[in-house]
*Asks:* 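I have a structure I would like to understand better, so I am pasting it below and will then ask my questions one at a time.
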Amino acid sequence: MIKNGSDHIAMLRDGREVYLDGKRVTDVTTHPAFRNSIRSYANLYDFQARPENAAKMTFQPDGVDRSVSRIWQLPTSYAELVERRQMLEAWSELHYGFMGRSPDHVASCISGMFMGIDVFEAADPARAGALRDYYRYARDNDLFLTYVIVNPQANQSKTAHEQEDKYLAVGIVDQDAEGITVRGAKMLATSGIMANEVFCSCIQPLREGDEMYALSFAVPMNTRGLKVMSRKSYEANATSVFDNPLASRYDENDAVLYFDDVKVPWERIFVAGDIGLCARQFHATPAHVYQNYQCQVRLMVKLRFLVGLALKITEINGTNGFPQVREMLGQLCAEAGMVEAFVCGMEAKGRVVNGYYVPDRSMLYGSQVLTQQLYAKVLNSLRELAGGGMIMLPSSIEDFANPMLVQIIEKTQKSPACSSEDRVKFFKLAWDAVGSEFASRHNQYEMFYAGATFVTKGHAYRTYDWASASGLVDQMLGSYSLRDELAALPRAA
Ligand SMILES: Cc1cc2nc3c(=O)[nH]c(=O)nc-3n(C[C@H](O)[C@H](O)[C@H](O)COP(=O)(O)OP(=O)(O)OC[C@H]3O[C@@H](n4cnc5c(N)ncnc54)[C@H](O)[C@@H]3O)c2cc1C
């Protein structure tokens with residue numbers, strides 16, 4: 001049977017060591033800081049388990065006697081890539097693009113690594129074997145994986161081993177026949193509290209002397225010694241869905257992970273001490289492209305949703321007929337359309353590598369660079385369209401329990417398009433998408449989830465088709481010359 005929502009919720013009752021507000025959380029699935037968001041993830045699994053969605057959401061891998069989630073599919077053609085994307089899109093629509101680290105994200109990364117298994121084989125067949133087995137295990141059990149691939153900020157001008165504390169970032173303490181022991185922290189595990197397992201590695205450049213941080217492994221979230229420190233929960237403070245329709249249900253959470261001498265068995269270790277392989281696992285395999293392609297598919301859906309909010313703001317305020325407002329909406333349509341075009345473009349311009357169909361890298365990184373800048377701009381456009389409407393709101397649903405206040409709400413919340421109640425309902429949603437603490441975290445997320453802009457611009461620079469660009473310039477320069485022009489000048493008698 002394909003995994004459903006109840007299966008996923010049951011899997012999270014595993015004794016994981018999660019801390020919030022100074023206390024240990026005994027059951028994340030019932031805790032008011034996490035339960036609704038966990039339910040939102042469970043909804044994804046329920047959706048894929050519905051018989052009527054089977055064709056869209058699942059596929060049958062070669063050599064497996066049942067269907068599994070398409071998040072683990074390894075496309076070999078353009079058509080298969082598009083089929084898989086339609087599945088990712090359907091999931092994104094269920095959370096409106098607000099759950100950045102939904103299970104399809106890290107599944108895309110691990111699938112991409114599996115597509116590039118030769119890279120691991122060339123370095124160490126034993127580690128390649130571990131990765132191959134892990135991919136199949138995660139796929140067949142439809143595991144929800146999160147990842148931690150960035151070290152905590154400290155002194156950014158120093159490399160990992162130069163930090164004051166040698167075990168600030170996760171590093172090897174010891175190793176024996178069974179595996180390695182690791183100690184230290186990773187910056188953030190988005191959705192970690194809601195996932196089954198964590199893939200821990202380092203995507204940041206490592207230098208000579210950093211070998212102990214060149215790691216790549218996966219462990220269950222309830223592994224002994226793994227401490228999970230939740231950031232402030234927006235869900236906990238969003239006690240009413242009507243007041244905070246997004247924060248109350250889609251707060252995927254971000255948590256610092258501390259590995260307190262965690263023992264990792266060799267069968268879960270894909271890189272141990274090899275700086276070159278640690279970088280190549282992302283960039284010499286399709287992993288980095290696949291994981292970030294998933295992000296662009298999700299963002300495409302999110303922008304579609306935000307553009308829908310923009311239109312509704314103008315309809316509710318009766319401003320949609322003003323030419324300047326239409327112009328702003330047109331700009332937003334173009335921006336959302338650009339991301340959709342990038343997704344279609346990176347698919348169409350993809351190519352077969354090692355037997356697998358991989359989206360175009362240059363287009364992907366181009367899209368990432370531009371969307372890191374675009375997201376804040378889109379939010380700002382919504383602010384501009386909305387004016388004070390997102391603030392001129394009853395403090396909470398409690399106001400609707402007071403008949404006198406209801407009368408005032410009805411008198412003051414006016415719209416040519418809807419009732420007072422619907423106006424309040426809509427603008428509470430708009431604020432949660434644009435201006436609440438939840439919304440603000442999303443702005444930070446879209447700016448940084450794939451690295452700071454100097455990193456993504458570096459990828460764009462590295463993968464651009466410079467030969468073609470320079471070739472055009474050379475062709476132009478070759479089409480004329482000073483000597484020819486001088487020779488053609490009329491000679492003085
Ligand atoms: C909401 C959120 C969720 C996240 N979720 C995850 C997750 O699930 N898993 C995970 O592994 N990571 C996650 N991250 C971490 C994310 O990958 C990092 O934030 C990102 O890689 C940037 O690294 P940093 O935060 O250390 O910023 P830095 O690298 O310190 O960059 C911050 C700024 O410092 C300057 N700067 C720093 N170094 C340089 C340099 N060498 N050259 C020029 N300028 C420089 C730039 O101005 C840059 O914008 C998340 C981050 C956020 C904000």
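The model shown is predicted, which means the values in this text are computed figures rather than measured ones. Start at 1 and go down the list; that is how both ligands and their atoms are numbered.
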*Asks:* For atom 26 (O) of ligand 1, which candidate among Gln156, Arg101, His442 holds the nearest heavy atom?
*Replies:* Gln156

*Asks:* Heavy atoms only: give me the nearest Val271-Ala214 pair and the separation to one decimal.
*Replies:*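 It is CG1-O, 3.6 Å.
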
*Asks:* Distance under 4.0 Å to a non-hydrogen atom of Met187: what atoms of ligand 1 satisfy this?
*Replies:*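 Selected atoms, number and element: 15 (C), 18 (C), 19 (O), 24 (P), 25 (O), 26 (O).
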
*Asks:* Who's the nearest protein heavy-atom neighbour of atom 40 (C) of ligand 1, and how far?
*Replies:* Phe454 CZ, 3.3 Å

*Asks:* For Ser230 and Ala255, indicate whether the former's side chain and the latter's backbone hold a donor-acceptor pair under 3.5 Å.
*Replies:* no

*Asks:* How are the rings of Phe144 and Tyr45 set relative to one another: parallel (under 30°), tilted (30 to 60°) or perpendicular (over 60°)?
*Replies:*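 Ring orientation, 0 to 90° scale: tilted.
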
*Asks:* May I ask you to check whether over 12 heavy atoms, not counting those of Arg224, lie within 6.0 Å of atom CZ?
*Replies:* no

*Asks:* So if I count the atoms of ligand 1 from 1 in the order they appear, which ones are less than 4.0 Å from some heavy atom of Val148?
*Replies:* 11 (O)

*Asks:* If the cut-off is 4.0 Å to any non-hydrogen atom of Tyr445, which atoms of ligand 1 fall inside it?
*Replies:*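 Once the distances to Tyr445 are compared, the set is 1 (C), 2 (C), 3 (C).
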
*Asks:* In the complex you have, is atom 47 (O) of ligand 1 within reach of the protein, judged by whether a heavy-atom distance drops under 4.0 Å?
*Replies:* no

*Asks:* List the closest protein heavy-atom neighbour of atom 49 (O) of ligand 1: residue, atom name, distance to the nearest 0.1 Å.
*Replies:* Ala452 CB, 3.6 Å

*Asks:* For ligand 1, which atoms have a heavy atom of Tyr147 less than 4.0 angstrom away?
*Replies:*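 Once the distances to Tyr147 are compared, the set is 7 (C), 8 (O), 9 (N), 10 (C), 11 (O).
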
*Asks:* Considering only protein heavy atoms, which is closest to atom 21 (O) of ligand 1, and at what distance to one decimal place?
*Replies:*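 Closest protein heavy atom to atom 21 (O) of ligand 1: Gly451 CA, 3.4 Å.
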
*Asks:* Hey, is ligand 1 close enough to Ala450 that some N/O pair sits below 3.5 Å?
*Replies:*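 In this structure, Ala450 places no N or O atom under 3.5 Å from an N or O of ligand 1.
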
*Asks:* Do you see a donor-acceptor pair shorter than 3.5 Å between the side chains of Gln163 and Asn155?
*Replies:* no

*Asks:* May I ask you to check whether Asn244 and Ser248 show a side-chain donor-acceptor distance below 3.5 Å?
*Replies:* no

*Asks:* Walk me through it: do Asp176 and Lys263 pass the test salt bridge (charged side-chain N to carboxylate O under 4.0 Å, His left out)?
*Replies:* CA-CA 10 Å; Asp176 58 24; Lys263 182 89 194 222; 2.6 Å; yes

*Asks:* With a 4.0 Å cut-off on N to O distance, would you call Lys302 and Glu446 a salt bridge?
*Replies:* yes

*Asks:* Under 4.0 Å from atom 52 (C) of ligand 1, can you find at least one protein heavy atom?
*Replies:* yes

*Asks:* Who's the nearest protein heavy-atom neighbour of atom 13 (C) of ligand 1, and how far?
*Replies:*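 That would be Leu188 O, 3.8 Å.
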
*Asks:* Starting from atom 17 (O) of ligand 1, what is the nearest protein heavy atom, named by residue and atom, and what distance separates them?
*Replies:* Val150 CG2, 3.4 Å

*Asks:* For atom 16 (C) of ligand 1, what's the nearest protein heavy-atom neighbour? Residue, atom name and distance, please.
*Replies:* Phe448 O, 3.5 Å

*Asks:* Students should be able to answer this: which protein heavy-atom is nearest to atom 3 (C) of ligand 1, and at what distance?
*Replies:* Thr190 OG1, 3.2 Å

*Asks:* Ring centres under 6.0 Å, that's the criterion: do His442 and Tyr449 meet it?
*Replies:* no

*Asks:* Does Gln86 CD have over 12 foreign heavy atoms under 6.0 Å away?
*Replies:*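 Yes, enclosed.
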
*Asks:* Distance to 0.1 Å, residue and atom name: give those for the protein heavy atom nearest to atom 24 (P) of ligand 1.
*Replies:*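 Answer, as residue, atom name and distance: Gln153 NE2, 3.5 Å.
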
*Asks:* Going by atom types alone, do Tyr250 and Glu235 pair a side-chain donor with an acceptor below 3.5 Å?
*Replies:* no

*Asks:* Looking only at distances, can you tell me whether any N or O atom of Asn151, backbone or side chain, sits closer than 3.5 Å to an N or O atom of ligand 1?
*Replies:* no

